[in-house]
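So that the names make sense, note that chain A is the first sequence line, chain B the second, and so on, each numbered from 1. Bear in mind the structure is a predicted one, so any value in this text is a computation, not a measurement.
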Number of protein chains: 2
Amino acid sequence: MTTTTDSERDLRILRLLWAPPDPPRKGPRPRIDREQVVAAGLELAAAEGLAALSMRRIAAHLSVGVATIYTHVPGREELLALMFDTLVGGAPPPAATGDWRQNVETWARADWELYRAAPWVTRLTSSALPGPNLLAWYDAALATLAGTGLDSHEMVAVVESVDGYVRGLAREVAAQPPPERAAAQAEAVASFVDLDRLPTLRAVARDGAIPGIGDHFEFGLQRLLDGVAALIAERAAGNLPRTRPSSAIYDAG
Amino acid sequence: MTTTTDSERDLRILRLLWAPPDPPRKGPRPRIDREQVVAAGLELAAAEGLAALSMRRIAAHLSVGVATIYTHVPGREELLALMFDTLVGGAPPPAATGDWRQNVETWARADWELYRAAPWVTRLTSSALPGPNLLAWYDAALATLAGTGLDSHEMVAVVESVDGYVRGLAREVAAQPPPERAAAQAEAVASFVDLDRLPTLRAVARDGAIPGIGDHFEFGLQRLLDGVAALIAERAAGNLPRTRPSSAIYDAG
DNA sequence: AGCTTACTCCGAACATCGTTCGGAGTAATG
DNA sequence: CATTACTCCGAACGATGTTCGGAGTAAGCT
């Protein structure tokens, strides 16, 4: 059974994310910090991407042996989780003004900017275990929808849809090659493809609309929010909110 | 300069994706096929995920030495590209009926189903070099928007927004742990978090709306398409379509 | 027929990765 | 001052993607 192991790993990561880094009582003063390890990881990832982020490089960056890293962080996956939550904590949380749409637009764009500034995040494989900063972000994002008349499930659905959209598009844009390389790709594809078999693509490309190139973030965001606005307007017009069964898992403790 | 190398790699992958697998003229009959390598890769990925997909395992699966794989496929990245395009080719392409919304819903759901059936695809890191099947899919997807009054750029924007949304949400759902593990996670988080500091999250959770759990694909899809419908209605009402500069890159050949 | 040539296959090796082990060194605690 | 609980890390393990060089094979040419 891998289930037990996986759950234990989850617990270890969660403890790491939430528990305060208790200082050692005995032994020599640590030469480095968990915080420093995370910072070094963030630097390396920003500079050379996730693939280049190896435990050895981090150790070298901190002028320390490889094994030393493991006294401050249980493993690579856990380090990535810490890096992610740290990054989320560095950005300003969503603010709730009176205008829900402006609120959501603002945090969606901030979200977008985060992914643009740190494309390696879009490559993260982790199970997205929530750290304190991510959960705080979530709370604030939900709060931006207060007073819209949406029920709880709809609020969560809006936040996760918009966030999912942002991440999806960020990932696609992060995968786009730099212009020079993109042009070479397009030319190569053009030499292979038989455009007679792809009439719509040809017509669209004639107008300069090249699939796979360009940034349609704002376009889709506006469509998505138009749709949300329509739902909110419908609720305001008097249609009954749906109700659903309740089970407050987060209240367990 | 890595640029040259990268572009050469792009070209190699594109040639691989588009060029017919020319049979050898001399030497012993190949014991295995490129097609078999791709099929073995798909099987392995489906069964155990991307992380378990190693060249050695594929070789073992085909009862062949590791190095043999490299005579049929240039490397792992190229194999993944082939696997992806093969998968795309296996699904039915978007169909264009008279109702654009039903068309888009249908291909968006098919897209979604593909990611649900092959979650490893959401982990792909590749630069998304287009193969013949992906480009055919793209052409058909664009065709589903014909007659809506949208201009070329808007059509591309709609397809990429919806596709980006689907991928984003599929990735999030693919990252969700199985229920048993999710429950353990939620309980652990509950034991750490101070819900007094996250009032909106608490309120929402009381109604049973747990962030990070559940499937909001249909919800967001409907919002997004409502927004697109609003745009189309606006165009139909007589507002001028925007125009943009033209540069038909795909027509270069 | 025999030689050349162009292929397939693959054992062995290389560099790199995440991670573990065991011990040497260090400083607070009793 | 001995014990104890730490930090650090050299060395190693197993696994990964990939390359090299050679052995074997069969088609094409003279």
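For A:R109, the CZ atom is densely surrounded, since the number of other residues' heavy atoms within 6.0 Å is greater than 12.
Here chain A contacts DNA chain C (any atom closer than 4.0 Å to a heavy atom, that is under 4.0 Å), and the contacts span C:dC17 to C:dT29 from 5' to 3'.
When rounded to the nearest whole Å, the span between CZ of A:R29 and C1' of D:dA5 equals 14 Å. Following rounding to the nearest Å, B:E78 (CD) and D:dT18 (P) show an atom-to-atom distance of 7 Å. Distance A:Y70 OH to D:dA11 C1': 15 Å, rounded to the nearest Å.
Classification of the B:F217-B:Y165 ring pair by plane angle, with boundaries at 30° and 60°, yields parallel. Below 30°, between 30° and 60°, or above 60°: for A:W18 and B:F192 the angle between ring planes is below 30°, a parallel geometry.
Residue contacts for B:I32: at a heavy-atom cut-off of 4.0 Å it reaches the sugar-phosphate backbone alone, with no base atom in range. Across all strands, B:L53 comes closer than 4.0 Å only to sugar-phosphate atoms, never to a base (heavy-atom distances). Heavy atoms of A:G27 sit under 4.0 angstrom from at least one base atom.
The ring pair (Phe, Tyr, Trp, His ring centres under 6.0 Å) search around B:Y138 returns none, not counting sequence neighbours. Considering only residues two or more places apart in sequence or on other chains, A:E172 meets the salt bridge (Lys or Arg N to Asp or Glu O under 4.0 Å) condition with B:R167.
Residue pairs satisfying the side chain to side chain donor-acceptor pair (under 3.5 Å) criterion with at least one member in residues 36-63 of chain B, sequence neighbours excluded, are listed as follows: B:E43-B:H61, B:E48-B:R57.
Judged by closest nucleotide on DNA chain D, A:T68 is the one of B:E77 and A:T68 placed further toward the 5' end.
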Counting only pairs under 3.5 Å, give me each side-chain donor-acceptor contact of residues 85-94 of chain B, with atom names and distances, residues two or more places apart or in other chains.
residue, atom, partner, partner atom, Å
B:D85, OD1, B:N133, N, 3.4
B:D85, OD1, B:L134, N, 3.0
B:D85, OD2, B:N133, N, 3.1
B:D85, OD2, B:N133, ND2, 3.2
B:T86, OG1, B:L82, O, 2.7

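Residues from residues 35-49 of chain B with heavy atoms under 4.0 angstrom of DNA chain C: there are none.
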Legend entry - Verdict with reasoning, B:R202 to B:D196, per salt bridge (charged side-chain N to carboxylate O under 4.0 Å, His left out): CA-CA 8 Å; B:R202 156 183 276 168; B:D196 289 335; 2.9 Å; yes
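Distance from the side chain of A:R56 is smallest for D:dA12 among the nucleotides D:dA12, D:dT18, D:dA5.
The structure places CH2 of A:W112 at 4.5 Å from CG of A:D215, a figure rounded to the nearest 0.5 Å.
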